[in-house]
Chemist: 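Submitted below is the structure of interest, expressed as structure tokens.
Ligands are counted one by one from 1 in listed order, and the atoms in each one are counted from 1 as well.
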Amino acid sequence: MNKGVLIIGAGGVGRVVAHKCAKNLDTFEHVTLASRTKSKCDMIAKEILDMQGIKIDTYSVDADSVEELIKLLETVKPRVVINVALPYQDLTIMDACVACKIDYLDTANYEHPDEAKFEYKLQWERDGKFKDAGITALLGSGFDPGVTGVFCAYAQQNIFDEIHYIDIMDCNAGDHGYKFATNFNPEINLREVSANGRYWENGQWIETKPLEIRVDWDYPEVGVKPSYLLYHEELESLSKNIKGLKRIRFFMTFGDSYIQHMNCLQNVGMLGIKPVMHNGVEIVPIEFLKTLLPDPASLGPRTKGVTNIGCVMEGIKDGKKKTIYIYNICDHQEAYKEVCAQCVSYTTGVPAVIGAKLLYNKTWDRDGVYNIEEFEAKPFMDELMTQGLPWKIIEL
Ligand code: NDP
């Protein structure tokens with residue numbers, strides 16, 4: 001039987017996942033980290049050896065190639081693959097997992113490099129292949145998507161008779177001291193924020209202009225923050241999986257400086273994803289911008305403050321209206337002390353490890369492709385309490 005966990009992607013999130021898998025060695029038995037640039041894997045491996053005294057294996061892999069991935073899977077023979085490379089690699093990694101019959105997990109839905117389109121279609125279409133292979137694909141096991149879906153599932157399974165309205169609230173009240181930087185991969189982040197907004201109401205999708213809808217919401221333990229409606233991928237699966245739902249929206253906080261910079265970059269074409277010619281060389285503007293911006297991994301030591309991410313849910317319990325907020329507070333400096341990364345990577349990496357743990361020990365065991373809210377939420381909620389992302393529920 002295969003043994004151990006294989007992490008693909010040695011960026012900000014991959015680093016947290018590797019640290020946390022090593023901390024959960026009693027479950028995972030063995031940890032391997034592979035990515036395009038092996039030196040990044042080796043740097044993380046050294047960090048883990050120095051901080052925890054645990055040795056992990058490292059490999060280089062081009063995760064755009066199914067063949068290379070299959071070779072790696074045949075060498076490492078893991079029981080679960082955690083995909084924390086980029087959303088562009090989801091399909092190739094899923095296909096390699098099917099070929100080798102190994103459980104798969106990711107934290108972001110597939111995106112095509114040339115098209116900013118966020119949808120699960122191509123991943124859901126692989127359901128039959130995963131069923132035939134007798135393995136599980138757990139989609140969206142980060143924070144959002146991820147823990148937000150678990151919060152919704154937990155509320156549906158334990159708190160409400162029916163949930164009617166959900167607002168997912170994502171607040172990063174941390175300060176890194178730069179005028180402009182993105183907390184995770186700039187290309188993925190800026191594509192998401194500069195796209196049209198969209199939310200689901202009464203069975204229909206309603207489109208808004210980028211950042212058109214703003215609410216000033218009073219986040220518990222943080223205070224009032226301007227929050228903007230964005231489309232976010234978990235809306236697609238939650239609108240299908242939460243029964244009786246009438247509306248679901250997603251809001252994220254942005255400071256004025258971030259918005260001014262982003263608007264300016266957009267107006268001059270720097271967020272473009274199509275190649276342009278520059279001095280006889282083809283460049284993709286957003287990729288060039290990524291080169292100029294601070295590496296998200298470098299924000300860790302400088303970021304202070306907390307994140308507050310959660311779900312406001314309104315519904316019915318025993319015939320009475322009920323509104324709650326389920327949320328987590330994560331402290332940037334505490335996260336950095338533990339795993340050398342700030343909260344945005346921490347809040348994504350820890351849930352990926354929890355999802356992998358539940359697959360590894362077969363607490364979650366269903367053949368096919370599933371979003372996280374389709375599983376029983378309680379075991380995941382229990383793990384959040386002990387793995388560094390404790391949650392609270394308040395009545396509003
Ligand atoms: P980074 O850009 O920091 O890291 C991505 C890593 O993937 C890099 O190490 C990169 O390698 C590697 N990689 C890219 N292409 C390939 C390839 N073809 N083959 C092998 N490795 C490759 O991103 P993050 O760590 O910030 O994000 C990781 C994932 O987490 C993304 O999919 C992101 O969308 C998702 N995410 C999810 C969130 C959630 O809450 N659900 C929140 C934040 C992020 P190299 O170092 O050589 O470039």
Chemist: Quick one: look up the protein heavy atom nearest atom 42 (C) of ligand 1 and list residue, atom name and how far away it is.
Modeler: Thr348 OG1, 3.0 Å
Chemist: Is there at least one pair of N or O atoms, one from Ala85 and one from ligand 1, spaced under 3.5 Å apart?
Modeler: yes
Chemist: Do me a favour and list the nearest non-hydrogen protein atom to atom 41 (N) of ligand 1 with residue, atom name and distance?
Modeler: Thr107 O, 2.8 Å
Chemist: Are any of the side-chain nitrogens in Lys20 or Glu338 under 4.0 Å away from the carboxylate oxygens of its partner?
Modeler: yes
Chemist: Is the closest N or O pair between Lys290 and ligand 1 shorter than 3.5 Å?
Modeler: no
Chemist: Could you say whether the N/O atoms of Val344 and ligand 1 ever approach to under 3.5 Å?
Modeler: no
Chemist: For this output row, return yes or no: ring centroids of Tyr228 and Phe251 closer than 6.0 angstrom.
Modeler: no
Chemist: Step through it carefully: locate the ring centre of Tyr231, locate the ring centre of Trp205, and say whether they are under 6.0 Å apart.
Modeler: yes
Chemist: For atom 21 (N) of ligand 1, what is the closest protein heavy atom, and at what distance to 0.1 Å?
Modeler: Arg36 N, 3.1 Å
Chemist: Please determine if Gly14 has a nitrogen or oxygen closer than 3.5 Å to a nitrogen or oxygen of ligand 1.
Modeler: no
Chemist: Among Val61, Ile8, Thr92, Asp90, which residue places a heavy atom closest to atom 20 (C) of ligand 1?
Modeler: Val61
Chemist: Going by the atom numbers of ligand 1, which of them fall below 4.0 Å from some non-hydrogen atom of Asn185?
Modeler: 2 (O), 23 (O), 26 (O)
Chemist: What residue and heavy atom of the protein are closest to atom 46 (O) of ligand 1, and at what distance?
Modeler: Lys40 NZ, 2.7 Å
Chemist: What's the shortest distance from atom 47 (O) of ligand 1 to any protein heavy atom, and which residue and atom give it?
Modeler: Thr37 OG1, 2.4 Å
Chemist: Can you spot which of Asn172, Thr303, Thr307 makes a side-chain hydrogen bond (donor to acceptor under 3.5 Å, both in side chains) with His332?
Modeler: Asn172
Chemist: Just to verify, which of Tyr327, Phe380, Tyr154 counts as forming a ring pair (Phe, Tyr, Trp, His ring centres under 6.0 Å) with Trp391?
Modeler: Tyr154
Chemist: Considering only heavy atoms of Ile188, which atoms of ligand 1 have at least one such atom less than 4.0 Å away?
Modeler: 34 (O)
Chemist: Atoms of ligand 1 less than 4.0 Å from Gly9 heavy atoms?
Modeler: 7 (O)
Chemist: When the ring planes of Tyr219 and Trp217 are compared, do they come out parallel, tilted or perpendicular, using 30° and 60° as the limits?
Modeler: perpendicular
Chemist: Counting each atom of ligand 1 from 1 as listed, which ones have a heavy atom of Gly142 under 4.0 Å away?
Modeler: 41 (N)
Chemist: Could you tell me if the side chain of Ile273 sits less than 4.5 Å from the side chain of Arg191, heavy atoms only?
Modeler: yes
Chemist: Number the atoms of ligand 1 from 1 as they appear, then name those within less than 4.0 Å of a heavy atom of Asp64, with their elements.
Modeler: 18 (N)
Chemist: What are the atoms of ligand 1, with element, lying closer than 4.0 Å to any heavy atom of Gln89?
Modeler: 14 (C), 15 (N), 16 (C), 17 (C), 18 (N)
Chemist: Tell me the protein heavy atom at minimum distance from atom 4 (O) of ligand 1, and give that distance in Å.
Modeler: Gly11 CA, 3.2 Å
Chemist: Short N/O distance, under 3.5 Å, between Val84 and ligand 1?
Modeler: no
Chemist: Considering only protein heavy atoms, which is closest to atom 33 (C) of ligand 1, and at what distance to one decimal place?
Modeler: Ala108 CB, 4.3 Å
Chemist: Which residue holds the protein heavy atom closest to atom 11 (O) of ligand 1, what is that atom called, and what is the gap in Å?
Modeler: Ser35 OG, 3.5 Å
